[in-house]
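Just so we're on the same page: letters track the sequence lines, and every chain starts at 1.
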Amino acid sequence: MSETQNNVPEVDENKIIAERRAKLKALRDIGHSYPNTFRREDSSADLHAKYDEMSKEELEAAEPVRVKVAGRMMLRRIMGKASFATLQDHEGRIQVYVTRDELPEGFYNTQFKKWDLGDIVGAEGYLFKTNTGELSVHVENIELITKSIRPLPDKFHGLQDQEVKYRQRYVDLIVNEESRDTFIMRSKIVQHVRNFLIGKGFMEVETPMMHVIPGGATAKPFNTHHNALDMPLYLRIAPELYLKRLVVGGFEKVFEINRSFRNEGLSTRHNPEFTMVEFYSAYTDYHQLMDYTEELLKELAELTVGSTQVPYQGQVFDFGKPFARLTMKEAILKYNPSAKAEQLDDLESARELAKSLNVHVEESYGLGKVMTEIFEETAEEKLMDPTFITEYPAEVSPLARRNDENPFITDRFELFIGGRELANGFNELNDAEDQAERFKAQVEAKDAGDDEAMHYDEDYITALEHGMPPTAGEGIGIDRLVMLFTDKPTIRDVLLFPHMRPVQ
RNA sequence: GGGUCGUUAGCUCAGCCGGUAGAGCAGUUGGCUUUUAACCAAUUGGUCGAGCGUUCGAAUCGCUCACGACCCA
């Protein structure tokens with residue numbers, strides 16, 4: 001532990017940084033003060049879109065196209081009295097051509113040539129094409145807008161170190177196009193999900209992220225404390241119970257693209273804070289939600305991959321055909337040829353089946369939980385193409401409505417793709433008395449040592465007692481969705497700032 | 001939590017049967033007016049993740065720790 005921990009850290013210097021600081025000092029001496037006066041008028045992507053098609057001769061014959069560009073200098077090639085430099089802006093690169101004799105006396109040698117890769121530069125001039133056909137700006141005026149003190153990673157290899165990519169994402173974004181593309185795609189996916197739901201008549205809402213009673217999922221929360229009120233608070237583990245309160249209130253179709261927090265370990269699929277979308281629709285059932293989900297995911301496949309065949313880590317998932325729909329029991333039987341349907345009818349034989357399949361079950365588990373464990377351990381990871389699994393037992397679905405014909409199960413589904421759970425939806429339990437019973441069972445489980453079991457949320461029961469219309473609701477994991485459609489193996493690759501242990 | 005692998009110059013990587021650390025890029029100096037990972041010449045730069053041990057001698061062998069990656073629970 002350094003004694004400077006809570007103070008100004010020691011400066012991490014090296015020769016390159018010292019040289020750049022000296023250059024900055026020289027700039028300050030002639031009046032440079034990180035100016036905010038350069039007004040860019042053209043983006044690299046726009047210029048390429050408009051003028052890449054024109055030939056060198058056409059550009060020369062036409063009226064000169066005057067442009068004003070700005071960006072970070074990523075490459076530079078000095079050839080005596082003339083130079084090329086590559087400027088990178090928010091969605092591309094543009095090359096500029098600079099000659100000594102067109103700049104003010106002495107500027108080229110005493111200023112331009114002393115700039116560094118990574119500096120942010122503004123340039124004005126006219127478009128032309130080089131002998132090799134690259135659209136470029138013939139510079140008549142160029143200025144240093146922002147001096148960069150720290151050197152960039154290797155201009156060709158970029159930044160390879162995973163740890164630095166995650167800890168210093170800004171560097172990763174500067175030098176690795178693939179990273180930029182991933183997060184641009186993430187933004188497009190979120191936007192599409194939002195537009196899809198709005199198009200279906202849903203209203204976007206924001207509900208509390210600090211909960212007095214953490215609810216809506218079985219998970220361990222993060223604890224915090226409100227000083228003025230001197231009370232404990234929890235970061236939400238799901239927005240579900242608040243969104244359903246809104247349905248009680250009469251907002252019949254609501255959704256929230258929400259950050260939720262779960263106090264669990266880190267893995268390639270788990271980050272302590274993560275994003276999902278939850279949506280609730282009154283007078284709708286879970287079959288409708290499955291249809292919505294299938295429609296949405298097919299659109300996302302087209303948007304991101306441009307095809308119904310979605311490649312992921314060497315495999316290809318088929319989004320073209322109708323998504324498979326299996327009950328949990330059917331899935332267990334399909335992937336465990338040795339199992340017989342009757343074995344899932346009573347607790348005793350289900351336990352024996354679990355044992356024969358090497359699935360660990362606790363003494364306290366009922367039949368529903370044993371079945372679910374068998375499913376999760378033996379079938380889940382084999383569901384590659386998009387597959388809905390239905391008929392989840394009530395025992396593992398404390399917020400879902402029971403099925404009318406078979407009260408052992410609920411009207412619920414989960415969606416699996418590539419062996420991973422992507423979505424979870426069900427007809428909402430709107431019977432306040434049944435919900436109170438389910439909460440009681442959860443509290444008993446908690447008292448028995450299950451620290452992920454739910455709390456009893458009295459106000460939520462009161463809300464249901466006012467009457468919630470029949471409703472179906474669903475949550476979709478946004479991070480996993482982005483992993484899938486950007487072909488990324490770990491959640492850290494789709495989080496701008498994934499959680500990391502602090503450096504010593 | 002367990003196992004495997006990694007951590008060397010600002011970046012990308014060599015070096016690992018022990019003998020005082022190298023390359024390319026970046027930087028510095030010089031040359032070059034259509035280059036594009038520009039090129040040519042010269043040159044600076046390292047507590048080899050941290051600590052302990054073995055040894056005449058450790059980047060290299062052993063142990064502990066930190067951080068990361070992958071696999072397993």
Side-chain angles (χ1 to χ4, degrees), chain A residues 1-2 10-24 26 44 48 55-57 59-60 72-88 92-103 108-110 112-119 125-140 147-172 174-177 264-270 313 358-360 362 373 376-377 381 488-493 498-504:
Chain A
M1 271 311 143
S2 157
E10 284 170 42
V11 185
D12 155 32
E13 289 288 68
N14 62 45
K15 195 179 170 195
I16 294 176
I17 294 174
E19 275 166 355
R20 289 193 176 202
R21 283 195 193 281
K23 288 177 180 177
L24 174 60
S44 62
H48 285 297
S55 70
K56 181 173 167 70
E57 292 71 25
L59 264 176
E60 279 166 8
R72 194 181 293 274
M73 186 163 72
M74 301 302 291
L75 295 169
R76 186 174 52 164
R77 296 169 285 280
I78 297 176
M79 308 163 299
K81 300 175 188 66
S83 297
F84 286 96
T86 301
L87 304 187
Q88 176 171 291
R93 291 180 168 194
I94 185 81
Q95 178 171 262
V96 298
Y97 177 66
V98 180
T99 62
R100 185 194 67 180
D101 297 341
E102 288 170 280
L103 296 178
Y108 182 81
N109 283 313
T110 64
F112 175 79
K113 280 168 79 172
K114 298 211 184 320
W115 298 348
D116 292 294
L117 297 185
D119 287 351
Y126 57 89
L127 288 180
F128 77 109
K129 279 208 167 171
T130 63
N131 290 339
T132 49
E134 178 162 349
L135 187 70
S136 307
V137 178
H138 191 120
V139 167
E140 293 169 326
K147 183 65 192 167
S148 162
I149 301 300
R150 289 184 181 262
L152 289 177
D154 191 288
K155 66 185 179 185
F156 183 64
H157 299 94
L159 178 63
Q160 298 300 323
D161 189 308
Q162 283 295 341
E163 188 171 349
V164 179
K165 284 168 93 158
Y166 297 148
R167 289 190 196 277
Q168 294 183 274
R169 184 67 88 183
Y170 43 90
V171 177
D172 180 41
I174 289 169
V175 298
N176 290 333
E177 187 178 9
E264 294 158 0
L266 283 68
S267 80
T268 51
R269 290 180 295 282
H270 298 91
Q313 301 296 300
N358 249 334
V359 174
H360 175 77
E362 297 283 343
E373 286 294 317
E376 287 179 353
E377 294 300 316
E381 64 188 18
K488 290 286 179 269
T490 113
I491 194 170
R492 295 185 158 197
D493 288 335
H499 184 80
M500 301 287 279
R501 283 189 173 85
V503 271
Q504 283 281 311

What are the atom names and distances for every N/O pair under 3.5 Å that joins the protein to nucleotides 39-48 of chain B?
{"unit_1": "B/rU44", "atom_1": "O2'", "unit_2": "A/Lys15", "atom_2": "NZ", "d": "2.4"}

Self-check item: A/Arg20 CZ to B/rA26 P, straight-line distance once rounded to whole Å
Solution: 12 Å
Quiz item: Are A/Lys56 and A/Glu60 ion-paired here, with the side-chain N under 4.0 Å from a carboxylate O?
Solution: yes
Return the polar atom pairs (N/O with N/O) between nucleotides 69-73 of chain B and the protein under 3.5 Å, or none.
{"unit_1": "B/rA69", "atom_1": "OP1", "unit_2": "A/Arg492", "atom_2": "NH1", "d": "2.7"}
{"unit_1": "B/rA69", "atom_1": "OP2", "unit_2": "A/Arg492", "atom_2": "NH1", "d": "3.4"}

Exercise. Could you state the atom-to-atom distance from CG of A/Leu87 to P of B/rU35 in whole Å?
Key: 19 Å
Practice problem: Just jot down the side chain to side chain contact (heavy atoms under 4.5 Å, CB included) partners of A/Lys81, sequence neighbours excluded, or say none. | Solution: A/Arg100
Practice problem: Apply salt bridge (charged side-chain N to carboxylate O under 4.0 Å, His left out) to A/Arg20 and list each qualifying residue two or more places apart in sequence or on a separate chain. | Solution: A/Asp116
Could you write out each protein N or O paired with an N or O of nucleotides 12-15 of chain B at a distance under 3.5 Å?
{"unit_1": "B/rU12", "atom_1": "OP1", "unit_2": "A/Gln160", "atom_2": "N", "d": "3.1"}
{"unit_1": "B/rU12", "atom_1": "OP1", "unit_2": "A/Asp161", "atom_2": "N", "d": "3.1"}

Which atoms of nucleotides 1-4 of chain B (N or O only) lie under 3.5 Å from a protein N or O atom, and what are those distances?
none

Exercise. With heavy atoms under 4.0 Å as the rule, sort A/Ile16 into base, sugar-phosphate or nothing.
Key: base
Self-check item: RNA chain B: 5'-proximal contact among A/Leu152 and A/Asp116 (nearest heavy atom)
Solution: A/Leu152
Quiz item: According to the Watson-Crick and G-U wobble definitions, with both distances under 3.5 Å, which nucleotide is paired to B/rA14?
Solution: none
Quiz item: Watson-Crick or G-U wobble partner for B/rC65, using a 3.5 Å limit on both distances?
Solution: B/rG49
